[in-house]
Protein chains: 2
Amino acid sequence: MAPSAAIPFDAPVNELVLEIFRLNGALIKCGDALVKPLGLSSARWQVLGSVVHGQGSYSVARLADNMGLARQSVQRVVDELAAAGLVAFAPNPAHKRAKLVVMTPRGQEVFERASALWQPVGDALIAGVEPAELRSAIELLAALRERLEQPAATE
Amino acid sequence: MAPSAAIPFDAPVNELVLEIFRLNGALIKCGDALVKPLGLSSARWQVLGSVVHGQGSYSVARLADNMGLARQSVQRVVDELAAAGLVAFAPNPAHKRAKLVVMTPRGQEVFERASALWQPVGDALIAGVEPAELRSAIELLAALRERLEQPAATE
DNA sequence: CTCAAGCGGACAGGATGCTGTCAATAGCGG
DNA sequence: CCGCTATTGACAGCATCCTGTCCGCTTGAG
């Protein structure tokens with residue numbers, strides 16, 4: 001046998017992992033180009049989306065948890081968005097330090113414009129894909145992620 | 001209708017994209033932890049894999065293309081791997097500047113140990129998943145990536 | 001053979017994400 | 001009420017990947 005053929009490179013798991021890496025990079029690149037005219041980036045856009053999704057009732061730590069990122073990563077982006085006037089900090093009646101991240105009117109408008117830019121691109125991306133197949137893939141990826149995020153089960 | 005309900009957050013495309021981002025982060029984190037005892041990281045491990053896959057006949061630019069990354073990103077990692085004695089540069093008879101990246105014996109050994117660490121984890125990750133479903137997901141992701149990488153078709 | 005175009009690498013700088021550490025706030029058991 | 005622990009944000013430093021620019025090597029047209 002060949003010296004390094006213990007795990008074939010074309011094993012389905014490995015193919016999937018490499019495809020995730022490449023698709024992740026392609027999505028970030030596409031998003032960056034898409035919202036660049038609005039002064040956004042993929043990262044800022046995604047944070048804006050999380051703020052909208054939380055309806056202004058999320059702290060930075062909560063946003064980070066929802067996005068699966070470290071708090072400091074999100075904190076930096078939120079600070080930049082606040083400096084750009086797209087989000088603001090509202091006092092949290094339940095926690096003096098953990099202020100709530102809320103959208104400013106300008107942030108709302110920018111996000112809606114980004115959504116308008118994204119809609120046709122997103123539609124084209126999945127054009128012709130069977131909804132059931134898409135749903136199946138999403139659930140598979142979610143299941144794999146959950147396994148990765150709780151590795152303490154066997155240790 | 002609600003002010004920002006033009007594109008629902010739970011649209012399948014958006015779910016998929018967010019899941020890709022989260023899974024990508026989880027995979028990198030898992031890989032970092034897995035090969036840390038070997039002095040590797042996810043990025044270095046992936047580059048090593050590409051070098052092995054190319055059987056020592058790839059230049060840095062070629063490796064980057066295969067991985068879907070920019071040349072400079074791969075160049076930096078390769079330089080670090082070379083400094084660590086895991087890879088080396090072999091003269092390229094066809095191109096004086098574009099040296100070939102080859103594995104050193106130590107690099108071979110480290111990569112094989114990483115593969116041994118990964119095998120049970122990778123197997124456990126896809127345990128219970130229908131091979132057909134896995135294959136279907138891989139092909140879906142690959143198709144989406146190809147659409148993203150050739151956006152010039154409509155412009 | 002000469003030179004323009006293209007490819008590959010070197011260098012600089014920026015964006016995004018992580019970990020580690022510390023201070024302030026909340027919540028809870030004694 | 002006091003102090004311990006957990007949570008949250010601030011700050012510093014590092015890893016990874018990107019773009020932009022320049023230079024050397026290769027190739028091909030003339």
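Atom set for the values below is all heavy atoms of this structure, side chains included, hydrogens, waters and symmetry mates excluded.
Rounded to a whole Å, the CD1 atom of A/Ile28 is 9 Å from the P atom of D/dC18. Here C/dC7 presents its C1' atom at 17 Å from NZ of B/Lys99, a figure rounded to the nearest Å. Rounding to whole angstrom units, CD of residue B/Gln75 and P of D/dT16 are separated by 15 Å. Atom CZ in B/Arg62 sits roughly 10 Å away from atom P in C/dG8 (whole-Å rounding). A straight line from CZ of B/Arg76 to C1' of C/dA12 spans 14 Å, rounded to a whole angstrom. Protein atom CG of A/Leu69 is 6 Å distant from nucleotide atom P of C/dG17, rounded to whole Å. In this structure, A/Leu40 places its CG atom 14 Å from C1' of C/dA15, rounding to the nearest Å. The separation between B/Leu81 atom CG and D/dA15 atom C1' is 13 Å, rounded to whole Å.
In terms of position along DNA chain C, the nucleotide closest to B/Asp79 lies nearer the 5' end than the nucleotide closest to the other residue of the pair A/Glu80 and B/Asp79. Of the two residues contacting DNA chain D, namely A/Ala98 and A/Gly25, the nearest-nucleotide position lying further toward the 5' end is that of A/Ala98.
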What string of B, S and - do you get for nucleotides 19-26 of chain C, 5' to 3', when a contact is any protein heavy atom under 4.0 Å? BB--BBSS

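Closest approach of A/Met67 to A/Ser50, counting heavy atoms only: CG-OG, 3.3 Å.
Classification of B/Lys29 and A/Glu149 as a salt-bridged pair fails, no side-chain N sitting under 4.0 Å from a carboxylate O.
With hydrophobic clusters built from ILVMFWY side chains whose heavy atoms lie under 4.5 angstrom apart, B/Leu100 does not share a cluster with B/Val51. Under the 4.5 Å side-chain heavy-atom criterion for grouping Ile, Leu, Val, Met, Phe, Trp and Tyr, A/Ile20 is connected to A/Val13 within one hydrophobic cluster.
Residue B/Ser42 has no polar side-chain atom (N or O) positioned under 4.0 Å from OP1 or OP2 of D/dT16.
Checked by atom type and distance alone, the side chain of A/Ser136 never pairs as donor or acceptor with a backbone atom of A/Ala132 at under 3.5 Å. Under the 3.5 Å distance criterion, the side-chain polar atoms of A/Arg22 are matched with a main-chain donor or acceptor of B/Asn66.
Put simply, CD on B/Glu109 and OG1 on B/Thr104 are 9.5 Å apart, with the number rounded to the nearest 0.5 Å.
Nucleic acid contact for A/Val74: none, since no nucleic acid atom lies under 4.0 Å from a heavy atom of the residue.
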